[in-house]
Protein chains: 2
Amino acid sequence: MGGATTREQIVEAADQLFYRQGYEHTSFAAIAQAVHISRGNFYYHFKSKDDILGAVIAARLDARRRMLKQWEAEEADPLGRIRRFVEIVVTNRADIQSYGCPVGTLTTELAKLEHPALDQAGGLFTLFRAWLREQFTRLGHETQADALAMHVLAFSQGVATLAHAFRDEDFIRREVQRMHHWLSRYAADPDSATGAVPDDTASANA
Amino acid sequence: MGGATTREQIVEAADQLFYRQGYEHTSFAAIAQAVHISRGNFYYHFKSKDDILGAVIAARLDARRRMLKQWEAEEADPLGRIRRFVEIVVTNRADIQSYGCPVGTLTTELAKLEHPALDQAGGLFTLFRAWLREQFTRLGHETQADALAMHVLAFSQGVATLAHAFRDEDFIRREVQRMHHWLSRYAADPDSATGAVPDDTASANA
DNA sequence: CATCGCGTAGGACGACTGTCCTAATACTCC
DNA sequence: GGAGTATTAGGACAGTCGTCCTACGCGATG
C-alpha cells in the first residue's frame, strides 16, 4: 500500500468501489476521496472514466490469472483444482454476502448500460470457463468438458446471487457440499451422477 | 394497452426500462418519452422516482403471484409445479439472454445502491422461495423443503446469469434437462440423488 | 354559459456528473 | 542553485439528473 503508485491506488480504490457500489453509481468524487487526491487530477492518470474501468478489469483479469496459476501449482489433481474453484464462494463468503460476485454483478451492470467494456468484462467469465474446461478435459470428460465448466460456473453464480440476496452463509456451505458430492459421483462414474443426460431426453417435463 | 390508465402506462414502461437498462440508469426523460407525456408531469402521479420503483415492484409481485396461482390451478402435482418453475428460464429465454433475470438483477442493483426498496424487491425472491418450499413439503420432503427451494432458486439464478453473459440458449436447455433429471431422481429416492448429503460430510474436499 | 377540478405541458431550480484547463507544487538532474 | 519535467490542486464548463412550480386545456356539472 505504502509503495503503491498513485495510479495503482486509483485502480485499487476504483476496483473496490465499483464492486461495492457499482460502476455507474461510483463517482469521481468518491474515488478521489478514497485516494485522497483532487477530483480534476484524474485526467493526468486516466483519460476518462471508461479508461479507469478498463484498468480495473485488466487488474482483475491479472489477479484471477495469478490465482489460477497458483491453484495449478498447489494442486496437481484436476478434480482438486475444480474443488478449489467451488470453494471460492466459501472463501469469499463475507464479500459475496455483502456485495455479490464481482464478476457476475459487473458483467450484468455493464450489459444494462450497454457499456463498450462489456466484452472485456466477459473475459473474466471466459477465463474461468476455459480453465474449468481444461480441468474437466484432463479428468477424461473431454466431450462434455465445456458443458461441465458452464455447469460449475452456473453453480457459483447462483449461489453468489442468493447468498447475497438472503445473506445466508449456511446456504453457501450446503450448496458447496452438494457440489462436492456431485463432483465425487461424476468423477467416479459420469453416467451415475445426476445431469449425465442421455442424448434423447425428449422431456421429463409434465 | 389502449384502456390503460396513464399511471398504469407509466408503471409498465418503467418496469420494462428498469429491467432493460437498470433502475439508476433509467431517467425520467426516458420513461416520459416511452409514455409520451411530459417530464415534469410525473409528479402528479408519483411523488418521486422511488415511488415509481415501489409501484413497479408491487406490480411485479402481483404478476408473479398471479402466475403462481395459475400454475397451481393448472398443475395439481407438486413436482409438476416445480418443473414449471424450472422451465421459466426456457420460457423467458429471449429476455433472459438479453437482460438477465428481472428479480436477480434488480435485487443486486438495489443492494449496490443501498436503496431502501431493497427489502421490497427481496420479497420477489421470498415469494418464489416460499412457494417452492411448499411444493417440496407437499412432496414429502418437509425437513429439507427450504434447502431444496433455495437450491432450485440458485439453479435459476445461475442459469440466468450465465445465459445472459454468454447468450447461450443451448446451455439453458442443457441445464434445465439436468435439473429435470435431478428432480426425477430426488422425487423417487432422495438419498440416491446427488446433493442428499449425510449430516456429517466432513469434507469431500482435497 | 360559467365554474370547477382533474390531468397535462413546459420550463426553472439546485445539485450533481464527467471533463477539461490552468496555475502551482514536487522532484530530478545538470 | 537553477532548469525542466512530473505530478497535483482547484476551479470552470456544459450537460443531465430528480424535483418543483405555475399556467393551460378539457370535460363534467350546475
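Just the heavy atoms: all of them, side chains too, but no hydrogens, waters or symmetry mates, feed the values below. So you know, we letter chains A, B, ... as the sequences are listed, proteins then strands, and number each from 1.
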Please set out all donor-acceptor pairs under 3.5 angstrom arising from side-chain atoms of residues 117-127 of chain B, sequence neighbours excluded.
from    : atom 1 : to      : atom 2 : distance (Å)
Q120(B) : NE2    : G54(B)  : O      : 3.2
T126(B) : OG1    : G122(B) : O      : 3.1

Can you see if the side chain of [X] gets near the phosphate of [N] - specifically, an N or O under 4.0 Å from OP1 or OP2?
X	N	value
H45(A)	dA6(D)	no
T6(A)	dT7(D)	no
Y44(A)	dT8(D)	no
Y43(B)	dC20(D)	no

A29(B), nearest nucleotide to its side chain (from dC17(D), dC20(D), dA6(D))
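Selected nucleotide: dC17(D).
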Run the numbers on H45(A) and D51(A) for side chain to side chain donor-acceptor pair (under 3.5 Å), then give the verdict.
CA-CA 9 Å; H45(A) 301 280; D51(A) 200 26; over 6 Å; no
Working to the nearest 0.5 angstrom, can you tell me the gap between E87(B) CD and H180(B) NE2?
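Answer for the CD-NE2 pair, E87(B) versus H180(B), is 3.5 Å.
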Distance-only polar pair, side chains of [X] and [Y], donor-acceptor under 3.5 Å:
X	Y	value
S184(B)	R83(B)	yes
R167(A)	Q97(A)	no
N92(B)	Y99(B)	no
Q16(A)	R20(A)	yes

Figure out the [atom1]/[atom2] separation between [X] and [N], and round it to whole Å.
X	N	atom1	atom2	result
Q9(A)	dT8(D)	CD	P	9 Å
R7(A)	dT8(D)	CZ	P	13 Å
F46(A)	dT8(D)	CZ	P	12 Å
D50(B)	dC17(D)	CG	P	16 Å
I10(A)	dT7(D)	CD1	P	11 Å
H36(A)	dG10(D)	NE2	P	13 Å

Taking heavy atoms of chain B and a 4.0 Å limit, find me the 5'-most and 3'-most nucleotide of DNA chain C within that range.
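Nucleotide range with atoms under 4.0 Å of chain B: dC6(C) to dA12(C).
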Would you sort out whether F171(A) and R174(A) count as a side chain to side chain contact (heavy atoms under 4.5 Å, CB included), showing the intermediate values?
CA-CA 5 Å; F171(A) 161 74; R174(A) 275 199 316 269; 3.9 Å; yes
Interface residues of residues 18-28 of chain A with DNA chain D (non-hydrogen, below 4.0 angstrom)
none
Residues, nucleotides or ligands: over 12 heavy atoms within 6.0 Å of Q33(B) CD:
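Check fails, neighbour count at 12 or below.
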